[in-house]
Number of protein chains: 2
Amino acid sequence: MLEARVKQASVLKKLLDAIKELVTDGNLDCTDEGIALQAMDNSHVALVSLKLVAEQFESYRCDRNMPLGVNLTSLTKILKCAKDNDVVTLKAADDADALGMVFESPKEDRVGEYEMKLMDIDQEHLGIPDTQYDATITMSSAEFQRICRDLAALGESVKIEASKEGVRFSSEGEVGNGSVLLKQSAGTDRASGSKRVKQDPDDDDEEEEEKPDVDEEGEDEQDDEDRPKKRKSANGTSKAAPSDDEPGVTIILEKQVALTFSLKYLSNFAKSAPLAKAVSLNMSNDVPLLVQFDFEQGTLQFFLAPKVRDHGAGRSPPLPLTHLSDLR
Amino acid sequence: MLEARVKQASVLKKLLDAIKELVTDGNLDCTDEGIALQAMDNSHVALVSLKLVAEQFESYRCDRNMPLGVNLTSLTKILKCAKDNDVVTLKAADDADALGMVFESPKEDRVGEYEMKLMDIDQEHLGIPDTQYDATITMSSAEFQRICRDLAALGESVKIEASKEGVRFSSEGEVGNGSVLLKQSAGTDRASGSKRVKQDPDDDDEEEEEKPDVDEEGEDEQDDEDRPKKRKSANGTSKAAPSDDEPGVTIILEKQVALTFSLKYLSNFAKSAPLAKAVSLNMSNDVPLLVQFDFEQGTLQFFLAPKVRDHGAGRSPPLPLTHLSDLR
DNA sequence: GAATTTACAC
DNA sequence: GTGTAAATTC
């Protein structure tokens with residue numbers, strides 16, 4: 001049996017807003033480690049992977065592994081019945097054909113109890129390889145969303161180029177061309193040589209926590225320019241930039257990378273911005289992009305294969321990620 | 001002749017927004033006591049009864065009784081020509097075939113004059129019986145609206161169950177089931193035995209006025225729990241809970257009641273929420289529900305017959321209230 | 001919260 | 001085709 005308690009309904013609402021347009025049905029895989037959802041998007045082009053870790057629930061109990069097949073549209077409808085500050089308890093009996101949800105107002109003077117029918121979903125569970133990425137960009141998720149929205153007005157795809165100085169997003173279309181260059185924030189230049197460039201979802205560090213005085217090695221290249229005094233610890237790929245207010249831009253670069261992606265999908269990924277102040281874009285040539293949002297309760301990852309290099313002039317659809325091997 | 005002056009056009013606007021979807025035409029019955037409108041909804045399932053009392057107008061004069069047949073859609077259009085803070089004067093000559101409206105800005109630097117054609121409407125005037133209700137729930141009108149909206153996403157009808165501990169709204173549908181339980185606020189437990197459970201539209205008490213130090217009898221059952229310290233005076237059925245900020249939930253119970261109603265209609269009633277912070281739900285078994293909003297200028301009542309008990313599984317339309325006798 | 005757009009209903 | 005209500009966006 002499952003009983004998981006979440007302090008703020010708003011977290012779940014934001015999660016569903018973030019993925020419901022990409023995925024309509026999926027299994028909530030409940031284990032003693034937490035709740036995970038992994039699914040291809042409806043056109044089998046992108047992969048969504050959500051992890052909510054058990055420790056970050058207000059309380060969590062899951063006696064046995066169970067995949068709960070949910071329709072995300074229905075789940076969204078029911079979550080709309082919760083106010084943002086409500087405490088949410090997810091409940092499922094071992095043999096349940098329904099997911100129970102209890103919404104309690106902070107003052108405990110209102111209790112909503114809802115039950116949603118479950119469905120059987122064949123789960124092609126993809127083990128996601130622990131890729132070493134050539135380039136990892138950490139930036140404000142809001143800024144990422146803005147750039148996607150702006151460039152989507154111009155063209156269908158965006159070229160993302162990561163270099164030592166910064167990252168450039170550019171798009172071409174009928175009305176015109178556009179590009180946005182984000183320069184790396186001061187004091188965060190981590191060029192090649194560092195072997196910390198990896199995407200490791202099992203990393204135990206706290207997310208969204210600033211630890212300003214625990215900067216490790218690698219500070220030698222840093223010089224104090226009169227830039228915004230946001231110093232990012234940038235400890236690993238899967239970790240978003242610290243979030244005092246607005247995260248700066250951090251680039252960890254093994255190798256220069258330039259890849260082109262469908263803006264339709266990136267814009268969809270960017271809808272997760274309310275979940276986390278920072279987003280990381282992880283790229284290697286000819287490997288699917290990983291767009292990752294780390295928030296207090298867990299991690300939300302999106303994978304998208306790059307477009308083939310420039311034949312078809314942006315008209316070619318993104319590569320489908322149908323098989324696990326495609327993720328390599 | 002009629003000449004009635006209203007300080008705030010917004011009150012009339014909110015009133016029209018509240019009922020225009022239910023009723024398209026009706027008679028404004030003008031007497032020296034005030035202005036009343038009573039009409040069945042367009043499908044003759046619900047009854048709307050509005051009373052604006054003469055004393056609560058800024059000035060009021062009505063020499064002889066006259067029913068002014070108005071099209072509420074047209075009236076809404078004309079009221080949109082008034083700003084919320086405008087002073088509105090309604091004018092009608094004794095033999096008038098038109099209703100005159102004057103909108104004056106608070107600074108008196110703008111005057112709008114409008115005239116709306118009247119129509120002849122056969123008025124089947126229903127004397128509404130002064131029912132004693134088994135259960136009277138007073139609660140935040142906004143919360144009532146929220147619950148109707150939430151449950152309408154799940155099913156077509158809602159079961160309302162009033163008991164001593166609280167009131168439960170529940171609905172069942174394809175996606176799932178849902179229920180909301182509101183607990184009675186602390187210090188307001190008024191169980192059976194009290195003979196103050198009646199719906200009396202001629203009650204002279206002030207509405208929406210807190211009189212905190214004039215609590216009458218009936219406080220004996222009250223114990224001080226460490227709940228929110230809103231103590232409601234709960235003086236009578238037709239009186240909404242006091243409204244410092246958010247009214248708590250008050251239940252006056254003669255007898256436990258459980259009735260099922262069409263959510264489409266209840267959601268429509270709930271549109272009156274902007275008129276009053278509190279709403280009262282008055283129920284007896286097999287008798288139409290009374291949903292009542294008390295505001296400074298008067299009272300707005302909605303009556304709706306309950307659905308027949310559970311054959312047809314929520315598909316049966318609500319009972320029409322075609323005849324007065326049905327209201328008993 | 002307001003304004004716009006879209007969808008539905010008359 | 002018009003007008004209103006709901007959904008979405010700013």
Side-chain angles (χ1 to χ4, degrees), chain A residues 10 13-22 24 72-85 140-154 246 263-264 266-275, chain B residues 8-10 12-26 39-46 48 70-86 114 116-117 119 140-156 173 175 245-246 262-275 277 302 317:
Chain A
S10 55
K13 290 184 172 196
K14 287 176 193 167
L15 269 173
L16 277 148
D17 284 344
I19 64 175
K20 68 164 193 278
E21 202 170 322
L22 235 30
T24 54
L72 296 188
T73 312
S74 303
L75 186 54
T76 304
K77 273 188 192 168
I78 291 186
L79 278 172
K80 281 200 180 136
C81 303
K83 291 194 174 178
D84 280 359
N85 292 320
S140 152
S141 61
E143 186 142 52
F144 177 60
Q145 188 172 32
R146 185 60 156 50
I147 290 170
C148 288
R149 198 195 68 196
D150 288 351
L151 295 185
L154 298 178
E246 272 288 285
L263 269 169
K264 174 172 156 251
L266 286 196
S267 301
N268 250 319
F269 301 167
K271 287 185 184 164
S272 300
L275 273 174
Chain B
Q8 299 268 322
S10 56
L12 299 180
K13 290 185 173 197
K14 288 177 192 166
L15 270 172
L16 269 295
D17 284 344
I19 63 176
K20 69 165 192 279
E21 201 171 323
L22 237 28
V23 180
T24 54
D25 303 300
M40 302 298 299
D41 87 292
N42 296 328
S43 25
H44 275 248
V45 164
V48 180
V70 295
N71 176 286
L72 296 189
T73 312
S74 306
L75 186 53
T76 304
K77 278 184 190 168
I78 291 185
L79 277 172
K80 281 198 179 139
C81 305
K83 290 196 171 180
D84 281 358
N85 292 320
D86 283 0
Y114 297 82
M116 191 186 63
K117 302 231 166 62
M119 50 204 295
S140 151
S141 60
E143 187 141 52
F144 177 61
Q145 188 172 31
R146 183 68 159 40
I147 290 171
C148 289
R149 196 197 70 193
D150 286 352
L151 295 185
L154 296 179
E156 293 182 340
V175 259
D245 48 342
E246 272 287 285
S262 150
L263 270 168
K264 176 171 155 250
Y265 284 94
L266 285 197
S267 300
N268 250 319
F269 301 168
K271 287 185 182 164
S272 300
L275 272 173
K277 285 186 176 168
F302 299 95

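These numbers come from the heavy atoms of this one structure, side chains and all, not from hydrogens, waters or symmetry mates. Chain identifiers are assigned alphabetically (A, B, ...) following the order of the sequence lines, protein sequences preceding nucleic acid strands; residue numbering begins at 1 within each chain.
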Problem set entry | Nearest-Å distance for atom pair CG/P, residues Asp84(B) and dA2(C) | 9 Å
For this session: Examine dA5(D): is either OP1 or OP2 under 4.0 Å from a nitrogen or oxygen in the side chain of Lys20(B)? Give yes or no.
Result: yes
Seminar exercise, completed: To the nearest angstrom, the CG-P distance between Asp150(A) and dC10(D) comes to 11 Å
For this session: Rounded to the nearest angstrom, tell me the gap between atom CG in Asp17(B) and atom P in dT4(D).
Result: 11 Å
For this session: Let me know the distance between CZ of Arg149(B) and P of dA6(D), rounded to the nearest Å.
Result: 12 Å
Problem set entry | Atom NZ of Lys77(A): over 12 foreign heavy atoms under 6.0 Å | no
Exercise. Would you call Ile147(A) and Asp150(A) a side-chain contact if the rule is heavy atoms closer than 4.5 Å?
Worked result: no
Problem set entry | salt bridge (charged side-chain N to carboxylate O under 4.0 Å, His left out) partners for Lys271(A), two or more places apart | Glu21(A)
For this session: Return the value, rounded to whole Å, for the distance between atom CG of Leu22(B) and atom C1' of dA9(C).
Result: 16 Å
Exercise. Over how many whole Å does the gap from Asn71(B) atom CG to dT4(D) atom P extend?
Worked result: 10 Å
For this session: Specify the separation, in whole Å, of atom CG of Leu75(B) and atom P of dG3(D).
Result: 17 Å
Seminar exercise, completed: The ring-ring contact (aromatic ring centres under 6.0 Å, His included) partners of Phe144(B) (sequence neighbours excluded) come to none
For this session: Could you check how far NZ of Lys80(A) sits from C1' of dA7(D), rounded to whole Å?
Result: 9 Å
